[in-house]
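Everything below concerns the one structure shown next.
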Amino acid sequence: MNSHFCKVGKVSPNPSKITNLKDLEYKYSNFIEEAYNVAQTDRSLSDTLFHEAKKLKQKILNLEKYDSKDLNAAF
């Protein structure tokens, strides 16, 4: 079997793409504000910005759910 195209175990996450919770919340608020500002002039851009904000909100909620400070281990 040729593993020429197999990337399993060979690809690691890019640390420069990993952002912290504060950065995501800042980006989320900027998307929401910009979407609100252009809602009357360009509806398609506003919808796109709201969609991106929704995806960021989901990432924020996932990070908050798995925040290590909130994990309580019972020993």
Side-chain angles (χ1 to χ4, degrees):
M1 183 173 181
N2 189 357
S3 64
H4 179 70
F5 295 107
C6 182
K7 292 185 178 183
V8 175
K10 294 180 174 75
V11 177
S12 60
N14 188 355
S16 65
K17 289 187 177 183
I18 298 173
T19 57
N20 62 11
L21 190 59
K22 296 265 188 214
D23 289 340
L24 288 178
E25 289 172 345
Y26 179 75
K27 288 178 185 179
Y28 172 76
S29 65
N30 283 345
F31 274 125
I32 292 294
E33 182 179 352
E34 190 172 349
Y36 179 76
N37 289 339
V38 299
Q40 298 298 319
T41 57
D42 191 356
R43 190 64 185 168
S44 63
L45 177 60
S46 176
D47 289 344
T48 303
L49 291 171
F50 275 123
H51 178 70
E52 291 298 319
K54 183 179 176 182
K55 290 193 310 187
L56 279 176
K57 184 66 172 182
Q58 189 61 41
K59 285 182 183 180
I60 291 169
L61 291 174
N62 285 338
L63 282 176
E64 286 175 345
K65 182 168 58 170
Y66 293 113
D67 191 10
S68 62
K69 296 174 191 170
D70 293 337
L71 296 177
N72 293 326
F75 290 105

* **Cluster overlap Tyr26 with Ile60, hydrophobic side-chain contacts below 4.5 Å** =>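 No; tracing contacts between hydrophobic side chains, which count when under 4.5 Å, never links both residues.
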* Does one hydrophobic cluster hold both Leu45 and Phe50, with members joined at side-chain heavy-atom distances below 4.5 Å? ->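 Per the 4.5 Å side-chain linkage, Leu45 and Phe50 are co-clustered.
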* Nearest atoms (heavy-atom pairs only) where Leu24 meets Lys59 -> CD1-CB, 4.3 Å
* Asked: Of all heavy-atom pairs between Glu64 and Leu21, which one has the smallest distance, and what is that distance?
  ->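 Scanning both residues, the minimum pair turns out to be CG-CD2, 3.9 Å.
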* Identify, with sequence neighbours excluded, every residue that meets salt bridge (Lys or Arg N to Asp or Glu O under 4.0 Å) alongside Glu52. =>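 Salt bridge (Lys or Arg N to Asp or Glu O under 4.0 Å) check on Glu52 returns Lys55.
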* To do: Return the set of residues passing side chain to side chain contact (heavy atoms under 4.5 Å, CB included) with Lys54 (not counting sequence neighbours), or none when no residue passes.
  => none
* Structure fact -> So NE2 of His51 and OG of Ser46: to nearest 0.5 Å the spacing works out to 13.0 Å
Sequence neighbours left out, cut at 3.5 Å: what donor-acceptor pairs do the side chains of residues 30-43 make with other protein atoms?
from	atom 1	to	atom 2	distance (Å)
Asn37	ND2	Glu33	O	3.3
Thr41	OG1	Val38	O	3.4
Asp42	OD1	Ser44	OG	3.1

